[in-house]
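Shown next, in structure tokens, is the structure this report addresses.
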Amino acid sequence: SDTLDLYDPAPPSVTPEASPCCQQCTAPQNKYHSVDARNGHCGETCLQDSNYWLFKIFEPNLTKSTSNTPCSDLGFPTYDSTETHGFGKLSDTLDLYDPAP
């Protein structure tokens, strides 16, 4: 009989940063946000509009923000951390916020 080893996929690359990155976006970037209900965070990032479609593939809830404080506006006012997800040209740095207690 044959033996088959099964492996889980590698987790996405996550690199923690020291301080918030995305409180203000500078042109040509605009503020985008996403609520991750499963992990209890809201994320804010700065992206060029032309790259939105690409990151939307990996982050289905990604939305162009209409304010500079979208996570706080949605009930996630507490800064948690800043992380870079992905690698190379497919990486994005975002600030994560926790819900109000």
Side-chain angles (χ1 to χ4, degrees):
S1 93
D2 293 327
T3 301
L4 177 64
D5 292 329
L6 300 175
Y7 298 94
D8 291 329
S13 173
V14 175
T15 305
E17 304 290 333
S19 61
C21 67
C22 305
Q23 293 174 330
Q24 297 286 332
C25 299
T26 56
Q29 296 183 326
N30 290 297
K31 176 83 64 125
Y32 284 82
H33 68 278
S34 178
V35 175
D36 181 356
R38 189 178 84 207
N39 292 309
H41 290 293
C42 178
E44 295 181 9
T45 189
C46 296
L47 290 176
Q48 290 186 32
D49 291 341
S50 61
N51 292 331
Y52 167 75
W53 69 272
L54 179 61
F55 288 98
K56 178 78 171 172
I57 294 169
F58 301 103
E59 185 56 52
N61 293 331
L62 189 63
T63 304
K64 189 170 185 178
S65 304
T66 57
S67 83
N68 203 41
T69 57
C71 287
S72 182
D73 299 344
L74 294 168
F76 294 80
T78 307
Y79 172 75
D80 178 75
S81 59
T82 298
E83 297 179 346
T84 298
H85 294 186
F87 56 92
K89 292 185 180 199
L90 285 177
S91 67
D92 183 50
T93 301
L94 65 151
D95 295 330
L96 298 174
Y97 291 85
D98 293 332

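Computed over heavy atoms, backbone and side chain alike; hydrogens, waters and symmetry mates excluded. In this chain, residues are counted from 1 in sequence order. Nothing here was measured: the structure is a model prediction, and the numbers come from that model.
- The distance from the OG1 atom of T45 to the NE2 atom of H33 is 12.0 Å, given to the nearest 0.5 Å.
- Residue pairs that meet the disulfide (SG to SG under 2.5 Å) test with at least one member in residues 46-98, sequence neighbours left out, are C25-C46, C42-C71.
- The stretch residues 72-101 participates, sequence neighbours left out, in no disulfide (SG to SG under 2.5 Å) pair at all.
- Residues that satisfy the side-chain hydrogen bond (donor to acceptor under 3.5 Å, both in side chains) test with T78, not counting sequence neighbours, are absent from this structure.
- Considering only residues two or more places apart in sequence or on other chains, Y97 meets the ring-ring contact (aromatic ring centres under 6.0 Å, His included) condition with Y79.
- Residues forming a side-chain contact (heavy atoms from CB on, under 4.5 Å) with P77 (at least two apart in sequence, or on another chain): S72, A100.
- Residue pairs satisfying the salt bridge (charged side-chain N to carboxylate O under 4.0 Å, His left out) criterion with at least one member in residues 89-98, sequence neighbours excluded, are absent.
- A donor-acceptor pair under 3.5 Å links the side-chain atoms of T63 to the main chain of N61, judged by distance alone.
- For the side-chain hydrogen bond (donor to acceptor under 3.5 Å, both in side chains) test, residues two or more places apart in sequence or in another chain that qualify with T69 are D73.
- By the salt bridge (charged side-chain N to carboxylate O under 4.0 Å, His left out) test, D49 pairs with K64, sequence neighbours left out.
- Residue L47 is found in a hydrophobic cluster whose other members, listed by chain and number, are Y32, Y52, F55, L62; membership requires side-chain heavy atoms under 4.5 Å apart, directly or through intermediates.
- Here D80 pairs with nothing under the side-chain hydrogen bond (donor to acceptor under 3.5 Å, both in side chains) rule; sequence neighbours left out.
- A salt bridge (charged side-chain N to carboxylate O under 4.0 Å, His left out) check over residues 26-37, counting only residues at least two apart or in different chains, returns the pairs K31-E44.
- Atom CG of residue L54 and atom CD of residue Q48 lie 12.0 Å apart, to the nearest 0.5 angstrom.
- Think of L94 as one node in a network of Ile, Leu, Val, Met, Phe, Trp and Tyr side chains linked at under 4.5 Å; its network also takes in L96.
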